[in-house]
Protein chains: 2
Amino acid sequence: MTASAQQSTPHFNAFAASCPSRRLLDTIGDKWVSLLIVALGLRGPLRYSQLTSQIEGVSQKMLTQSLRRMERDGLVTRTLTPSMPVRVDYELTLLGQSLLAVMNQLKEWAELHMSQVDAARAAYDRTTRGLEPPLPSRRPTATATGADTRISARRAHRSRSLWWSTGYHGRVSAVGLA
Amino acid sequence: MTASAQQSTPHFNAFAASCPSRRLLDTIGDKWVSLLIVALGLRGPLRYSQLTSQIEGVSQKMLTQSLRRMERDGLVTRTLTPSMPVRVDYELTLLGQSLLAVMNQLKEWAELHMSQVDAARAAYDRTTRGLEPPLPSRRPTATATGADTRISARRAHRSRSLWWSTGYHGRVSAVGLA
DNA sequence: CCGTATCCACATCGATACTG
DNA sequence: CAGTATCGATGTGGATACGG
């Protein structure tokens, strides 16, 4: 990873659209997956029902789906104990544990910086309000969906010698020097 | 909510369903956001067009949307330079930089462990194949959506004295002792 | 208890068209 | 260049019903 970065290992690169690691990035970035990793890392193996209560608001579907994917990816093991009430425990594998550190940091960052983010949002909304009207009604247009307003006479290309104008009227947050 | 379990800091807890930090966790776990953070952290400020090419496969819509959200959350700044071709640069804020370390680890973990995950998947699919039929056609059902097969006579509860049986016929990956 | 299957409202996202 | 707006296919996820 020192210089130009491409000879040490058969490297994966998440910046590449086709690289499998990008999908993996998506998977491990999932809300439920990250919470599950942290929960399982925090207190040993956990039963399905314990996870249900530990991770508030998760539905059976999402819980099972996430656990299944994690099991398939080798992040957790699933152990069935055929006791009287059937019991199933989930536990992090070594691979899963290697993710734990990162996930903890992710969750902690979110919790630690929540207030700063909130402040930033408030400031942003204060300076930018008006751009996003409350949109009270769906669409103030006539009852019939304006089907003809769509096309509109295509005006012939009027002198595009401007190429791209400097007179920018778009959204502005900060302006630099030309 | 007020009484037990917290007074040290006005703590956020992502395990709680209603905690705002959970949504934040969702946001920063987003594929595009994480790639953007890493890209911007890697080489200074970047222009919109540079991000387009740097992060392969991202659409205008997702790029703009992600950048906008990140700007609102105080993770990046947006600087407009009214030069001849209009130019817009995005740069990490201090808050954004504090996320960089975690994001780098996340992306690196994905790239470093991709092969292990692949192996785990292959192993899983080998032991579990048959559970997921190739589903060749969409749905072999008749043209009309089978509307009556839905209900089916609800059978009266037959002796549930078993409560929950031990004779588990479900999916088994590993079995523990009773 | 530990799931699976289905329905369906809603969010996501790519493609496309257009604009300052 | 750097967006915005809209459409439509697809995905996501909760609610519900049911089964070993």
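When reading the values below, keep in mind they use all heavy atoms of this one structure, side chains included, and skip hydrogens, waters and symmetry mates. A note on names: the letters A, B, ... follow the listed sequences, proteins ahead of strands, and every chain is numbered from 1. Everything numeric in this text was worked out from a predicted model, so none of it was measured.
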Report task. Answer yes if the side chains of Tyr48(A) and Thr64(A) hold a donor-acceptor pair under 3.5 Å, and no otherwise. Result -> yes

Query raised in the report: Lys61(B) NZ to dC7(D) P: how many Å, rounded?
Result: 12 Å

Query raised in the report: Can you tell me if Glu71(B) and Ser173(A) form a side-chain donor-acceptor pair at under 3.5 Å?
Result: yes

Query raised in the report: Any chance CZ of Arg23(A) has more than 12 other-residue heavy atoms, nucleotides or ligands included, within less than 6.0 Å?
Result: no

Report task. Starting from the 5' end of DNA chain C, give me the residue, Leu67(A) or Ser59(B), whose nearest nucleotide shows up first. Result -> Leu67(A)

**Report entry** Nearest to side-chain heavy atoms of Pro85(A), which nucleotide of dT4(D), dC1(C), dC2(C)
**Finding:** dC1(C)

**Report entry** Within 45° cone and under 6.0 Å: Lys107(A) NZ/CZ vs Phe12(B) ring
**Finding:** no

Requested in this report: Could you state the atom-to-atom distance from CZ of Arg171(A) to C1' of dA2(D) in whole Å?
Outcome: 11 Å

Requested in this report: For the side chain of Ser49(B), starting at C-beta, report the closest nucleotide among dA2(D), dC1(C), dG3(C).
Outcome: dA2(D)

Requested in this report: Compare all side-chain heavy atoms of Leu106(A) with those of Gln105(B) and state whether any distance is below 4.5 angstrom.
Outcome: no

Report task. May I have the distance from Leu63(A) (atom CG) to dG3(C) (atom C1'), rounded to whole angstrom? Result -> 10 Å

Requested in this report: Let me know the distance between CG of Leu80(A) and P of dC1(C), rounded to the nearest Å.
Outcome: 15 Å

Report summary line: Gln60(B) atom CD is separated from dA5(D) atom P, nearest whole Å, by 13 Å

Query raised in the report: So, is Arg87(B) near the phosphate of dA2(D), with a side-chain N or O under 4.0 Å from OP1 or OP2?
Result: no

Query raised in the report: How close or far is atom C1' of dA5(C) from atom CE of Met62(A), stated in whole angstroms?
Result: 15 Å

Report task. Check each residue of residues 26-36 of chain A for a non-hydrogen atom within less than 4.0 Å of any atom in DNA chain D, then write out the ones that pass by number, or none. Result -> Trp32(A)

Query - Tyr90(B) side-chain N/O to dG3(D) phosphate OP1/OP2 under 4.0 Å - result: yes

Requested in this report: Check the distance between dC1(D)'s P and Leu46(B)'s CG and give it to me in whole angstrom.
Outcome: 15 Å

**Report entry** Gln65(B) CD to dG3(D) P, straight-line distance once rounded to whole Å
**Finding:** 14 Å

Query - Short side-chain N/O contact from Arg78(A) to OP1 or OP2 of dG3(C), under 4.0 Å - result: yes

Requested in this report: Answer yes or no: is there a donor N or O on one side and an acceptor on the other, between the side chain of Asn13(B) and the main chain of Phe15(B), under 3.5 Å?
Outcome: yes

Report task. Look at Arg72(A) together with Asp125(B) and state whether they make a salt bridge at an N to O cut-off of under 4.0 Å. Result -> yes

